Amino acid sequence: MASGTVLPEEARAGEPVRDVVRSVIAALAPEELPLVDGLRRFDDATVVRRLNGRSRRREPLGFGIGEVAALVTPVVWLVLDGVAQRMVSATVDRAAQGAAGALRRLLRRPAPAAQVPPLTREQLAEVRALVLAAAGQRDFPPERAAEIADAVVGRLALSPAPDPSAPRGAPGPSAPADPAGPVGPGSPADPQAAPAPADPPGPDAPGPNSGAN
Amino acid sequence: MPPPGPPRRIDERVLGAGTSVRFVTLLFLLLTACGSMMLTVLRGLAHGDQEGCNLAAGVDPDDGGYWAPIVAVSGQTFAYRLCTSIWAPAPPWWQVVGWPVLLTVAAALLFLLLPLRKARRGRVVPLESADPEGELRSLIDELAAVTGLAPMPRIVVDPATASVNAVVFGRTGRPVVCLDGGLLATRRTDPERFRAVLLHEFAHIANRDVTLTYLTVALWRVFLVLILLPYLLWEGHVVQGVLADGAVPRPDRAMLLAAVLVLLVHLARADTLRSREVWADVTALRWGADPRGWAAPAAPPGGPLRRALGPFLELWRTHPRSGLRQGALTDPAPLFRVSVLPLLLLGTVPVVTPTHLLRQLAPYRVDSSTNVLVAIVLVPAVLVTGVAGVALWRAVAYAVLTGGRVPSGWWAGAWLGAGMAAGSILNGDGVGWAWLPQRPAVLLVPVLAGAAFGWWITQCALLWAGTWRGRTLRPALLVSLSAGCLAMVSWLTWWLLMGVAYAGGFTVRADAMVRTVQRWFPSAAPSGDLGRLPGLTTVLPLLETVTGTPLIALTVTALWVVPLLGWAAGPAGGAPRWFSAAFPAPAEESGGPGGPPPPRVAPLRAVLLPGLLGGVLACLAVAGLQACLHTGQPGPDARGGLYALRYALLLPAVVVVPAALAGAAAGARAGRLRLLGSLVAAQVAALLGLVAAAVLVSADGCVAPLNVLSDDCAWRPVWRRPLFPYLFVLNNTLTLAAAAAVLAALAVSTAAAARAVRATRRVRRRPAGGSGTDTGTGTGTGTSSDSDSDDGRTGRRGRLAVALLCVVAVGGASATAGHQMYQAGLVTDVTANQRDYVQRFGLPYAPVSEPTRQNQVHAWYHLGGYRFIELAASYSDGLTAAGKGSSGPESWDALDGRFRAACTRWRDAGTFELAWFRVPDQIVQADWHAMIVRADRGSRGCAQALDAHDSAGLLNALRDLLAAGRCAASANARIDAVLRAGHYRGTYRTPAGGAGAACEHVGQ
């Protein structure tokens, strides 16, 4: 603590990602609420893994026309989860994180829901950029992508203002800018992976660990 | 004339889809293949020396052919069994049977686990989780009520999948429908799609696709892991071993078989699944789905390569392209279309699967009779006839219902036959390890047989479509396919037994055939010109194989009785009832025109009359033949041989010629049903001719000018008549008459096609002229004169004649088939078979290289030959020892005590040639054979001389036995020389030299 290390629970203080997602989807694409409600039955890791996974190949006895719906839910959920994970990895001691995870598995307790902490204005701007990139990758038209990004940022802006003393773990360039890939680099599933900037940060963007120590 | 409108929609269920049979065929293929493939692995792991036994039998490993190795092994069956039982024993039978059982159990377990895995937590959620308000549930219940599904399937949601899709899994009794997230999200924006997808999945359940599909998936996956993987590993190990020895591996048919099996199962399964998708679409449409629900997103434009490969890539997909599916919604033609590629793949199954089963059986039973082969081909024949037959019947039904062109069926059948030819190449039947058989042209026979099969099935379908009175065609389909199945059984029996042998170089010697004929027809007269009889070594063996096919007479009878029954029923009169069942909506409601007229069928007398006239002609021809033969009748003791053979060959000929004429006449009068008309007429004529022949032969001797075999009048039933091969005449007459009918129908069809072409040209030159010429492309099956003058109804007398003909034909053929199968039993006499083989085909010494000959002699000696040489040497030593110590005249009792035991031991040498292989070196074999002949003669003579107190006889016998010992020593010495020349160690026994190893060959 004296060295500035923050416990996972403290790092996650904020609003659960799934709640933010539901709120955004309810406002933006209410027809997807059944999906969000269904996804909420899974833990965060499962949701991210499934949403990142490839669309199911043609199965025997499927309908098989091959159309894929342009869904907002994966865009929002994956970006916000990436933000949450980056914040955790930026602030939490890896050893403590690992120990907590092992203890949790030992006690068979479910993982705590990922939470999005209150973000600064700069961080919100970066979140917006991430949403735009993710929506663009999923072939949303620019207008719709902007609409989604604005809705996400608007929803996050309603959260309480960040504590100035809180670590400045920005969403970072390695947040899931590539939602189609596996779990994003830097996520708990791959803590050793180097960040792979899909979108180079601006000169003011803080480094991944800039506020951690 | 009603105004043209959209065609009335046909109920696709007018006939069954045949999907279950297709799936069962795949399952059967996998189950039979697994035992055979694992037997290969198990035998390989046992490190047996089957190659050594082949070498010892005199097989040339460099000979890629089929016939020479077969003759070498089959002519020495006993020795081969002894060798393999010691050096390459088959694994315990339960290990072979265990694999299909294991595969089945593992597949059943996987089948039960698959739905659990698909519906596991973390992948799907219950519908209630995504639909707390119950809105979706009520909509789904409403759709399910339309379909009448019971019980209601379990619904789950895969919220993480964005595709607008759903899938059903589980089993038909307990299905689970999984809705993708994308489908739920677009439910409001695209309600037509939502309904279409749901109804499509429900249709899969209602059409009973779920269990069969996932059972096939489970079996295939288990097969890949449990069978194919070990098999490929073993094959890889073998190839690696060959490469490690510095040799080049031969083109390996086993690997090809595995590859083709994978290809075949994958393509056949994909094809079946594609048709099930269209079925589900059409069912969903019938339940009220909106065709707009099948609108597909525009596909990205592909490059020229992709466009060119499109049809090929389509074959691998489990779903048809969207254009085809949308088209099927308006016209279900794809569900009635016959595709040739699936038929090609299907054609391999009835050839590959019996071979797999025979390979599993062969190590345990070498004495299986033809009946066992009939039993083995029965299941594949049923499956293949079911799949191909249903497909062809559906195509005909669709053409009849829509007034379109009726397929001829021969083209599809030819593809089926091509599959059989390909399957034979794949198996290596008749091929050895070479890629093509010695006579590749014989592979055209299955293609022709397949074409005739397809033609017959199609014509039957067309005939019954016009005469069947029931609400559904299924009973008629069943009856026709039963006859077709019988034909397939007979065909496969013949092909696997003899056809592949012909392809592989089957050759019989003239002297062997002369001996065979003399055995059939014993005669006091010399064989004379028998050896120079044309066709003695080509046609006669072929006719003999037809005689030996047990169900052939019954098959041919079924092939004409079934259509004759259809003809006897006569036209249905107006629209048949099955027509109305095929059009679910009345013409007025659908707004379309009424259905086309039912196919016209030529009247019964158009085919029966030529048959009866041909029969009369055949009767006269038989009587004429008898009279002709009577003029050259030899004495009572000389009526066998060439005389009896000539009678047996000419009798079918004089019956078949009028039958062919009758067939041609009927074919010309039968409209489009030329093949059936020709077949019925030819067979009726043949039947009458055969009845006349049976009467004349049974009463031979009673009408002096017609006497052929007897001079005294007595009733001798034809099937027990000496010097008359009843089965030979019956089976060959019926088969040749059927073949003649097919040729006659072909000729008539060709002539009709030529006439049609000329007529078309005339019409084109005079466009304003009449257009009443029948080009044969419609569904009309009767001739114009028939339709003008006769409504085609069959009179009472006609039906009576048909009933009588059918009873006589079916009764006679069934009794013959039953008797023939009873006589054949389940096992054959291996000794007699081996003797027969040697008599017919000999055991020729193929020219081989010197190293190969040395290897063969080495295998012969070390795998067992040395034991027999040692035995002969011990007999010789025993006799020498018995002869020592004689110092003057002895009493017969003393001589008996001294020599009888030694003489008796030598008698065992007579079995050496049966128990072990002939020596693969001609010079050594001459010594060996001389030893056996002298030993046999000497041991018998010795015993007789001792019994008769014949001192001269005893002396001769002992000389023979001593000579036998010298021949054994000579053989040992020569084998030693051959082995040492091949850089092997010499014989265990030191070779004797000089006079002690001088063998006087028999006859010297």
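Note on naming: letters A, B, ... go to the chains in the order of the sequence lines (proteins, then strands), and numbering restarts at 1 for each one. Just so it is clear, the structure is predicted and the values come from calculations on it, not from any experiment.
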Most chain A-contacting option - heavy-atom pairs closer than 4.5 Å, from B/V168, B/L273, B/D281, B/V197: B/V197

What residue, out of B/S129, B/G182, B/A196, B/A284, has the most heavy-atom pairs lying under 4.5 Å from chain A? B/S129

How close do [X] and [Y] get, heavy atom to heavy atom, and via which atoms?
X      : Y      : answer
B/H204 : A/G62  : NE2-O, 4.3 Å
B/T213 : A/P60  : CG2-CB, 3.8 Å
A/G64  : B/N165 : N-OD1, 3.4 Å

Honestly, is B/R325 close enough over A/F63, meaning NZ or CZ under 6.0 Å from the six-membered ring centre and within 45° of the axis? yes

[X] [atom1] to [Y] [atom2] distance, which is reported to the nearest 0.5 Å:
X     : Y      : atom1 : atom2 : answer
A/L71 : B/S163 : CG    : OG    : 9.5 Å
A/I65 : B/Q326 : CD1   : CD    : 6.5 Å
A/R50 : B/D158 : CZ    : CG    : 4.5 Å

Take atom [atom1] in [X]; do more than 12 heavy atoms of anything else shown fall under 6.0 Å from it?
X      : atom1 : answer
B/R121 : CZ    : no
A/R144 : CZ    : yes
A/R121 : CZ    : no

Counting only non-hydrogen atoms closer than 4.5 Å, does [X] touch chain A with its backbone (N, CA, C, O), its side chain (CB onward), both, or neither?
X      : result
B/V157 : neither
B/F169 : neither
B/A280 : neither
B/D131 : neither

Do B/P159 and A/R40 have side chains that approach each other closer than 4.5 Å (heavy atoms only, starting at C-beta)? no

Using a 3.5 Å distance criterion without hydrogens, assess whether the side chain of B/H319 forms a donor-acceptor pair with backbone atoms of A/L61. no

Using non-hydrogen atoms only, which part of A/L39 is less than 4.5 Å away from chain B: side chain, backbone, both, or neither? both

Can you check whether anything in residues 183-193 of chain B gets within less than 4.5 Å of chain A, heavy-atom wise, and list it by number? B/L184, B/A185, B/T186, B/R193

